[in-house]
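Everything below concerns the one structure shown next.
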Amino acid sequence: MTTEPLAARPKKVRNFALLSNRAGGAFLLPAGLLVSVFVIFPFFWVIFVSFTNRTLLGRTALNPEFVGLANYLTLFDPATFFQRGQFGFSLILTTQFVLCSALLGQALLGLVLAWLIQTVPPAVKRMVETFVIGAWILPEVVIGFAWFAFLDRDAGTLNMLLKSVGLPPGDFLLQHPFWVIVVFNTWRGAAFSMMLFNSAFASIPPSYFQAADVAGASSFQKFRDIGLPLIRGHIVTDLILITMWTFNVFTPFLLTNGGPSYRTELVSIYNYRVAFQDFQFGKGAAVGVIMMLINLAFALVYLSIGKKKAAQS
Amino acid sequence: MKKISFPALFSRIAFSGLAAIIGAAFALPLVWFLFAPFNARAELGLALPDPWTLSNFATVFGNGFAMQALWNSLIQAVGGVILVGAAATLAAYALSRSSLPAKGAVTYILLLFSSVVSGTAAMVPIFLIVSAAGLMDTHIAVILTFAGGLLPTAMFILRDFIDGIPKSYEESAMVAGASPVQAFFDVALPVIRPGIVVVVVWAFVNIWGSFLIPFILLRSSQNMPAAVAIYSFYSEAGTPVVTLLAAYSLIYSLPVIGLYLFVSWKFGFRFFGGIKA
Amino acid sequence: MASVEFRNVTKSFGDFKAVADVSFDIANGEFVCLLGPSGCGKTTSLRMMAGLETPSSGQILIGGEEVTHLHPKDRNIAMVFQDYALYPHMNLADNIAYPLKVRGEAVAKRHARAKEVADVLKIGHLMDRLPSQISGGQQQRTSLARALVYPARIYLFDEPLSNLDAKLRLEARGFLNHLQRDMGMTAVYVTHDQAEAMALATRIAVMDQGRIVQFASPIEIYRRPATTFVANFVGNPPMNLIAVEGTQADGQLRLVAEGANIGALPMTDAIGKALAAGSALTLGVRPEHLFIAEAGAANSVTAPLFANENMGPESLVTIDRGEGARVTARIFIDEHLDLGETVTLGFAPEHIHLFDHTGKRIPAAGE
């Protein structure tokens, strides 16, 4: 049996690795470029722009001037801080929104749902999962439109239901806009928490629960004494993730446009208005920087918890 | 037949009942969607179609603007997905298999930046960058922006996946005489394929459904994807043409629903959304 | 076929020295086993031969040519991996033929050659199957087939049988033995299973903590283990090691241990030197050299019975001398013994091994 000898020029390697450093660098290049231009550079660029008075039109579009902290001072100006339509109001509103929709809403609802579906018949479980996840995966514009129809004052499904059980209908978008977006966002995002907690519960060995059954524990006791403590790590992870996402969420814009009268103007929507409707890029950049700093705080906490977990295992 | 005590049976029924009620509550806002697209006289109110008809869909297919918007969505999604898939696979392979210094730091920094620079905060500098590059109102700007935003997570998912593939595959290929590039294409890539599928599907769904980026970076109606088109339809002053909108929204949602069913059939839930169970 | 040479090879991972200044020579056609517990450096050494790790210092030569920094693909070697490394997306034919594909051979020719090798290994009828569709034993043979399908200078094996069940392992072991002798291949084989090493190797390199402790033929390792580590590692059950105090009197060596009665041994220079360094020696005697003796017999050790395991052809009789010091004998007659009963195990003086206070073998007279 004869076969040709191997490649004529043998390769010398300093230190063997499956991919040489040169090839590794080349492999990283396309992604590296894209991420540098569209993620890393914008981070520094927006900080820079926030110190200018740049706008889209007019004199300061072509010659933006350096104004130091002026934009930030405007945002935090005590005289206007709490006014509707100003940054402070938006920040407070967003905080309340995150507390209600993410922590109380999505996390709690997701936890309850995940626990419930552990023990229900498969058909019920599938039905619940289908609808909860459906709310999460459908495109946000479709969801916005669906809720728009759902809440319609004259003929929307919700009012129809209320009328049919004898309750008064309402123009919810007009009268209770904040709670509308809280419920809307909870509805939209609960699926993630539910799936996270579901797989966390499912990874607990069934024998733990069976032992509790034998000892006569009720479902609530099993939840409180076994389920909850064993998934504590996942709860923290979930809370941080959905807090971050809810803080940045823009979808309520599709339902309320920040209104009426700025009553649902989350910081993300405020940012959009200042930068892309009023065209004040400098000020918008300042809002963006503040948002990113808040994100940074959350991200650092999340990553440090992840590192701690990795170190423990 | 397993004997079950009355209290246990009662609580079992109560749980199922509670779960079913919550499930139904979640379905409620979407119920309208079951009927409106098939109702030639659809309005915002919930009504059973009489008769059930496909005429709304016919009107949508005849609407040039609507179809153009769908086509734009497709261009942006496919373009973005190809870019993300290719770049993320190569980068993830390098992060997993090469011994570049500071690999761990790169991943950490990537994750940090990608979670910090998101949403509207990122759009201000990106708008300025795109406009400075003269790429305002182009598909390519949207595709590149999407790619940049999705890449860190895609790289993270894929790197994790590749880390789980035994190195002995590529090692045995190289001992047998293959160069690193040969080993990558012959042996590694086919095994990474399922991970790439997951990332591609996830990226597609993200881009297809995304509103903010095209909303800000596109101006002319001929480049708008379906997401922006639908928004402009129902947010404009006056009453929206519900029949068209309902049918159009349904068509627009179909790829997402289809892909979700495909992924959960092939892999089971847990991969969707990039969460590793 | 080619020889393999290590010259002062060291491999460090950070502060950890996996292989510490190892040198050896493997001649053309030898079957060398690298034997040792986990973490002893045997797998790292094998991988350095393959080129999958680069030494921190030292040289590696294959066939007299230095390959220390040569990429695996240019070394012209074959390797069988512990997890078989069968590519899941290729059928057996493609898997086995892969090295030939890399060498640019045409499809028909390489598949024909693959079938040839597969037939020899009795998997020729499975060529269309995927690795997931065949049994563990068949996967192992496929992995072997891929290594045999092209001419290589040396053949490396990384614990190839450890994932097989006992019966298959014996079969595969016999087959490998036959194959190597038949082909005259230079083989380097990593294992932690001493029975495997004894059965397959022409020479065994016993390794511990990154160093080679003894590099000799199986029978040499069995008859004259270089240290207590080697003595304890090779042999099943391992050699019994009894701590003894040695004193010199009248040109004779007297050994004392609790419950043991050991006859005086003639002094030699080697023993004298060892005693001078330390009087805490170790006496070793293999289980197969022990027999049931009368209480108080000349060379014997006495203690309560701990366990009597009837294995079929033999019984393993273990006595407990206290504080976990147990002595096991392989007895070839049926003896009824009661638990706790005092048993005396005797041995012949020519079967005594002596080790100094560091565990190193004290050579017997005439060695």
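So that the names make sense, note that chain A is the first sequence line, chain B the second, and so on, each numbered from 1.
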Ring centers of A:Phe281, B:Phe127 separated by less than 6.0 Å
yes
What part of A:Ala275 gets within 4.5 angstrom of chain B, counting heavy atoms only: side chain, backbone, both, or neither?
side chain
Are A:Phe150 and B:Phe33 an aromatic pair by the rule of ring centers under 6.0 Å?
no
Of the backbone (N, CA, C, O) and the side chain (C-beta and beyond), which part of A:Phe44 lies under 4.5 Å from a heavy atom of chain B, both, or neither?
side chain
Does any backbone or side-chain atom of A:Leu254 lie under 4.5 Å from a heavy atom of chain B? Answer side chain, backbone, both or neither.
both
With side chains defined as the heavy atoms from C-beta onward, is the minimum distance between B:Leu30 and A:Leu138 less than 4.5 Å?
yes
Counting C-beta onward and ignoring hydrogens, is there a side-chain heavy-atom pair between B:Val117 and A:Phe38 closer than 4.5 Å?
no
Portion of A:Leu161 that has a non-hydrogen atom of chain B nearer than 4.5 angstrom
side chain
Can you tell me which portion of B:Met174 sits under 4.5 Å from chain A's heavy atoms? Options are side chain, backbone, both or neither.
side chain
With under 30° as parallel and over 60° as perpendicular, where do the rings of A:Phe27 and B:Tyr93 fit, or are they tilted in between?
tilted
Take a 6.0 Å sphere around OH of A:Tyr302 and say whether it holds more than 12 heavy atoms from other residues, nucleotides or ligands.
no
Of the listed residues (B:Ser99, B:Ala147, B:Ser131), which shares the most heavy-atom pairs with chain A below a 4.5 Å separation?
B:Ser99
Pair count under 4.5 Å, heavy atoms only, with chain A: among B:Ser210, B:Ser118, B:Ala122, highest is B:Ser118
Residue among B:Thr145, B:Ile230, B:Ile126 with most heavy-atom pairs under 4.5 Å to chain A:
B:Thr145
Closest heavy-atom pair and its distance - B:Val116, A:Ala299:
CG2-CB, 4.4 Å
Quick one: are the ring centres of A:Phe145 and B:Trp32 less than 6.0 Å apart?
yes
Which one, B:Gly209, B:Gly148, B:Pro125, leads in non-hydrogen pairs under 4.5 Å with chain A?
B:Pro125
Please look at A:Leu300 and chain B and tell me whether the side chain, the backbone, both or neither of the residue comes under 4.5 angstrom of a heavy atom of that chain.
both
Which bit of A:Asn257 comes within less than 4.5 Å of chain B, counting heavy atoms only: side chain, backbone, both or neither?
side chain
Pick one of side chain, backbone, both or neither for A:Phe16, based on which atoms fall under 4.5 Å of a heavy atom in chain B.
side chain
Answer with side chain, backbone, both or neither: which region of A:Val49 has an atom nearer than 4.5 Å to a non-hydrogen atom of chain B?
side chain
Under 4.5 Å from any heavy atom of chain A - which part of B:Phe184:
side chain
Heavy-atom pair of closest approach, residues A:Glu140 and B:Leu212:
OE2-N, 4.5 Å
Can you tell if the side chain of A:Asn295 reaches within under 4.5 Å of the side chain of B:Ser115, non-hydrogen atoms only?
no
Considering only heavy atoms, which portion of A:Val132 lies under 4.5 Å from any heavy atom of chain B: side chain, backbone, both, or neither?
both
Which one wins on heavy-atom pair count under 4.5 Å against chain B: A:Val287, A:Leu296, A:Leu29?
A:Leu296
If one checks every heavy atom of A:Trp187 against chain B at 4.5 Å, the contacting part turns out to be both
Contacting moiety of A:Met160, where chain B heavy atoms sit under 4.5 Å
side chain
Where do A:Met127 and B:Gly23 come nearest, in terms of heavy atoms and distance?
SD-CA, 4.3 Å
More than 12 non-hydrogen atoms from neighbouring residues, nucleotides or ligands closer than 6.0 Å to OH on B:Tyr108, yes or no?
yes
Considering only heavy atoms, which portion of A:Phe41 lies under 4.5 Å from any heavy atom of chain B: side chain, backbone, both, or neither?
side chain
Heavy-atom proximity to chain B below 4.5 Å, by part of A:Asp152:
side chain
Working to the nearest 0.5 Å, report the span between CG of B:Leu100 and CG of A:Leu28.
6.0 Å
Heavy-atom distances under 4.5 Å only: say whether A:Thr251 touches chain B with side chain, backbone, both or neither.
neither
Can you measure from CG (B:Leu28) to CH2 (A:Trp147) and round to the nearest 0.5 angstrom?
9.0 Å
Identify which part of B:Leu83 has an atom lying under 4.5 Å from any heavy atom of chain A, answering side chain, backbone, both or neither.
side chain
Parallel, tilted or perpendicular: rings of A:Phe250 and B:Phe211 (30°, 60°):
parallel
